[in-house]
Structure formats: structure tokens, C-alpha cells
There are 2 protein chains.
Amino acid sequence: MAEITIKYLAEKLNLAPSTVSRALNDSHEISSGTKEKVMALAKELNFQPNPYARSLREQKSKTIGVIIPERINNFFSQVIDGMEAVTKAHGYHLLVYNSNEDIEQEKTILSLLVGGRVDAIVMSISGQNQKGEHLKVLKNRAIPIVFFDRIPYDFPTTKLITNDYQAGYEGTVHLINKGCKKIIFLVLSKEVSIGKERMRGYLDALKSHNLPFNESWIVACGHSEIENIAHLEKVFYKIDRPDGVLASVEKLALATYRALAKTNIKMPEQVKMVSFSNMKIADLLCPPLSTISQPAIEIGVECANLLMKKLTKKDQPDLEDKIVTIPSVFTERESSK
Amino acid sequence: MAEITIKYLAEKLNLAPSTVSRALNDSHEISSGTKEKVMALAKELNFQPNPYARSLREQKSKTIGVIIPERINNFFSQVIDGMEAVTKAHGYHLLVYNSNEDIEQEKTILSLLVGGRVDAIVMSISGQNQKGEHLKVLKNRAIPIVFFDRIPYDFPTTKLITNDYQAGYEGTVHLINKGCKKIIFLVLSKEVSIGKERMRGYLDALKSHNLPFNESWIVACGHSEIENIAHLEKVFYKIDRPDGVLASVEKLALATYRALAKTNIKMPEQVKMVSFSNMKIADLLCPPLSTISQPAIEIGVECANLLMKKLTKKDQPDLEDKIVTIPSVFTERESSK
DNA sequence: TAAATTTTCGGAAACGATTGCACATAAAAA
DNA sequence: TTTTTATGTGCAATCGTTTCCGAAAATTTA
């Protein structure tokens, strides 16, 4: 079936395409009579203007590119839900990409996006490399971008994170108050921004409570679940085994559960754990997991709000080079009782 | 900064835009000398052809629309991951929409998409209404669409599901074999395709094992977690309370856990459960949950393959009106021991 | 009634890429 | 040398919309 175009409507109505276009856009220079006729026919034929012709002409796509390092993760799903709620209201669309924690894929995706396919980008960068040199393709482009959660250090734009340092500090203090003396810190990569900040909070908490610290307590894990479990198992088999765990990301907490299942160490009796996590069923785990959870939806909403403001209002300044912090919420459960 | 266009490249190289275009597309009618020059400059300037100009001209967008009823759900995330893996290889992009289980939103999204924004659609429809009248906007459009998981009954196209009937049957038989005599079936809506098929399997299993059946054993839940829990709690407070639960969707299994937590009924001692679920941490629940899980990634891959074939090869027939079934896998865990 | 506005609409260019066609120039055949 | 055939390139139309500019027609003002 031939698509319905403005030109087609114009012919049917014995009008010029320009008139039809203006009528559809409710321009003041079209009489209400013709407007009604045009609208009526458009409605009847279920006319939808070709988005690509419009994008080409207007030089904007009403589309936002979203790049996340993994999709099977509640946190990111929630963030995107938050974003969609606001972008939808403005008639914007979301192109979503999973970089699979891979810097090369990130690069490829970015190069795809800078060609004008999207009006803006929202991104959480992969853990492989937080330096962000691969982001330089964006530097000389005018495309607005905001980062969240996993942010690059030196890219001048707005970034949204939770209060990583403070949450790391408080999570650690919580464990200390519960009597833990040998608390390990689980991190995906020491290079990742969130890892660094959360770790700083952890270290400061130990220091301010005069607890000893051992370099080996920082346990750097990878992306392989199996290897992580094996690695953690070894950690728990040490003579001087830890009695507390602060996991900087959810998947490491889950790996800990599985590693512990292979030993006969009991949680929370022998080891207590707190984890950064946005799992909805933390309360259903064995034992229920104490979590520090990010306001994911809010983060998404805020990212989108920033961009909508920049894109839909005119004469907006570039996105400020600053970090916006939204606090996490701590929930105590059995795992750290 | 001005975007780089073919015209700009042409000027720089003293060539016509058409020549540059042909060179970039590696046309045989361009000398290798000019090709190299063009390619070199394009690479140097990081030239990306304007996707909208191209879409307009070619009448295709290299974009696929994905509509899911909820985003915070591992199953859908996995399906999309599977899809992206294959579409990416073909240079296709994914526009993802969450209909929030709302038929009105589905309609709105569809009307947005039929205007040429996407070359094809992959969809899992909301549970509100499985009749699919709201899909009629698609009927007279030539846009290929495939449905998965939650499919409409009478829309002539390819649909991908798991072996819902059989899995429902086997899950029920498993509970029967474990000694359950009063097995309830939890369903989101009796209207949803997957609910119906899974229920049919459940009913047939009861019948073929000569177990009595009570209409009240079909527990229709809603989308409100709180109400579902309250509802289930009542079910378990009945004098003739169930000793087995088959949950047709994950969220109802979780609601059951929470409802049971409010009673003093023990699982699996007093009630056993099996649920359709793609949770990765079913083994970490209390007790670990016996699951019937769909091959989500495969489903996504298969959807994408079907569409890629239709879109990238020429003279392809329309998508066949048939149902493709990919079997689920059952994993027994503590909840039904 | 004529002139000046205002309202309403049409023509045509533009956005950036692709492609059918024509036209050079070079190489091959007559 | 002339004619034919490749080969390489340019011109211009096209995709569907929006918008600048101009021109009738209708209205107001002089």
C-alpha cells in the first residue's frame, strides 16, 4: 500500500503541499475552514508525517541514544523506564544499545550515533576503561551527552551519580557497628569511577574507626561469574578469613552468595554483607540482602529532564560541566544483622 | 560545528557528490584511485552519512521497533539482548518501547511506528486484552511484525512462543508426583495467550491424573503487587488451603513468597511451587525456586533472524502465519522438593 | 473609489543522500 | 585514422517535509 504523504493529501484537497503542511501544524496563516478540511482527511486516512523527511528538514531526529554496559540488570532497566516516561511526553524516542562492557563496542556505537541519528546521548560507560579516550569522537561534535552511574573523569558535561563515597562510607560503618573487623571490598575494576568512590568511602570508614587495613581486602573481580565465584571461594578459605563484605555492585554480592554456598560459612553469623544493588527481591534471598540502592528511576528522569530542557527550549546553554548527586537509600536486612 | 556531508567532501576533492557517494559505496564504476582518495578523506574527517537523508531516499530506516509490556523483567531484557546481537551485525538499530501493560499506550506506540519510522516491529502484547483489535492499525500497512511470548490470536504473522501447554502440563505433573493434591494456578489474566495455554496444560495434567479440580483454584491476579500479595494471603488462609502452586509468570511466584512470609506456612513442606521464570537467581531464593524458563536469548535471536531475512534479502515472501515453538527448560529446586 | 493592509495560499528551494542518464575521455577494434 | 566500446565522472531528479518569499483575494483605511 502506498504511504500517504502530504502531497497526496494536497492533491485530494486541491491544495498546495505547503498549505497542507501548515494546516497540519496549525499555522496561523491558514483559515480555519481549510484547516478543518485538512485535519479531517488526515485523520480519516490516518496520516502520519514521514519522520525521516521531517528529521532531514528540521535537522533533528527527536531521538535519544542510550548506551548501557549491560541490559540484564534492574538498575539500568529502571533508569531507562525513568527516561522513557519523560521523553515520551515530549515525543522523543529511545534508541537503546548494550555495549556489553566492551570499550570497542562503545566506540562503534558512538560512531554510529554521531552522524545525526540522535539529538542527544545518555550513557553509562563500560568498566574496561574509565579514562574515556574513546569518547573523543564526541569532543568536536555538538551533540549533548549526559553520563550516569559510571562516568568518565574528564569529559566536560553533566554527570549523574549517587552519593557513592558517602554510601560506601556508611555501608562500611554499618558493618563495623555490627562487629565486623575484617571487611573486604568487592569491586569490578579499580578503574571504574563508582568503584573508586565507593572504595574511598570504605577506606575512610576503616580509618576513622581505627581498623587495620590489608591491601588484599580489596578484591578485584572480573566479568566472568564463574571465575568470580572461584576467586571468592578462595578468599573465604583463607585462614584469616573476612567477617564482612561490602560489594560495590550487585553481581558480586550474588557471586558471594554462591561462593559461600560452597563453603560452610554462615551468613550473617560468620560473615555479614552489604551490597550496592537495585534488586527488587533482595528481601527474598537467603538471607535477605542489606542493600544500598540507587534511585534509578529518578536518575533516568533527571537525565531526561536535563536533555529535554536543552533540546526543546531555545537558546539553552550547553550542559554544565558538573556532577549531580542523588542519594542512595540503605536498607538493612538479615545479611548484616 | 557544521556536519560533514557528501557535498562537503566533494568540494574538498573537486569531485561531484554523486562520485563521492559512489566511491563510498564502493561502486564498480569509480576508479580505484578516486575511491582511495575519497575513503581516505572520509576516514580522516570521520564522515558518517546522514541516516535520515538516506532513509528518506531509500525508503527504509534500518531500524526495528521493539514493544514490550515491562522493562524491569529479565526475560524481556534477555530477548532484546538476543535481538540486538543479530540486528547489530546487519547494521540495524533498535527503538525500544515499554507499553507498561497498557493497551492505550500500545496503540499510541504503534501509531508512532507505522509512519515509516521502523522497517519492522517485534512485540509482546500487554495482558489487558489479547483480542488484538488495537492491532488493526497494522493490518493495512505493509510493515512486517513478529510477536513473541504474549501473542495475539488472530493476527496473521509469525509468532514465537515457548511450549506453553507442554511446560504447563509437565510443571503440574511434577507437583503431582511430589504429592500435591490441591494445586492452584496463578495467572495474570485469563485472557492472555500464555496464561491460557499454560492453564490448559495445567488442567489436562490434573485430569489425566484423576485429580479433582475446583474453579477457585484458578487465581487471577492483577498488576498490583500489593493486591496480589493480599489476595494470595487469603487463598492460603482458607481451610482447604492449596498444597501446590503453579505460577504462570515470575512476578506471581514472588508475590507468593511474600504472601507465605506473612503466614506460617512452610515451603516446600506444606506447599510446593513451580514457576515460569527467567530469573537468574532462582537458586538464591528462600527456598530456591523450581523454574520453567524460556530460552529468552534464543527467542530474541530467532525473531531478529526472521526479520533480517525478510528485510535484507530481496523478493522475500511475507512472514508466514504460524507459531514457532522453542522449548522451555525445567529446573527442579527446593521449592518443589 | 483608491490605497494600504491583512489574510490566505501557492511556488520553489532546501535538507543530504542515491541513482538514472548523459557525456566526456581513454582504450580497443575496424 | 575512424568507429566502437569501456571506463570514469557530472548533472539533475528524487525521497517527504518545512519554510522563505511572493502574490492573489479579502478586508480595512484613507
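Naming: A, B, ... by sequence-line order, numbering from 1 per chain.
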I need the [atom1]-[atom2] distance between [X] and [N], as an integer number of Å.
X	N	atom1	atom2	answer
A:E11	D:dG16	CD	P	12 Å
B:L56	D:dA13	CG	C1'	13 Å
A:I6	D:dC15	CD1	P	14 Å
A:R57	D:dT18	CZ	P	9 Å
A:K7	D:dA13	NZ	P	13 Å
A:K60	D:dT18	NZ	C1'	12 Å
B:L13	D:dG8	CG	P	17 Å
B:E58	C:dT19	CD	C1'	10 Å

Separation of A:I80 CD1 from A:I297 CD1 (nearest 0.5 Å): 11.0 Å

For residues 112-123 of chain A, which side-chain donor-acceptor pairs fall under 3.5 Å, sequence neighbours excluded?
residue, atom, partner, partner atom, Å
A:R117, NE, B:H93, NE2, 3.3
A:R117, NH2, B:H93, NE2, 3.4
A:D119, OD1, A:S61, N, 2.8
A:D119, OD1, A:S61, OG, 3.0
A:D119, OD2, A:S61, N, 3.1
A:D119, OD2, A:K62, N, 2.7

NZ (B:K60) with more than 12 external heavy atoms under 6.0 Å: no

Neighbour count >12 (heavy atoms, 6.0 Å) for atom NZ, A:K35: yes

Sugar-phosphate, base or nothing in reach of A:R54, heavy atoms under 4.0 Å: sugar-phosphate

Sugar-phosphate, base or nothing in reach of A:T34, heavy atoms under 4.0 Å: sugar-phosphate

Flag, side chain of B:N25 to backbone of B:S27, donor-acceptor distance under 3.5 Å: no

Backbone of A:D102 reached by a side-chain donor or acceptor of A:N100 within 3.5 Å: no

Return all side-chain donor-acceptor pairs below 3.5 angstrom for residues 313-326 of chain A, not counting sequence neighbours, or 'none' if the list is empty.
residue, atom, partner, partner atom, Å
A:D318, OD1, A:K310, NZ, 3.1
A:D321, OD1, A:K159, NZ, 3.3

Most 5' of B:S31 and A:A53 on DNA chain D, judged by nearest nucleotide: B:S31

N/O (side chain, A:Q59) to phosphate O (OP1/OP2, C:dG16) under 4.0 Å: yes

Contact residues, residues 17-29 of chain A to DNA chain D [heavy atom, < 4.0 Å]: A:S18, A:S21, A:R22, A:N25

Options C:dA17, C:dC9, C:dG10, nucleotide nearest the side-chain atoms of A:A16: C:dG10

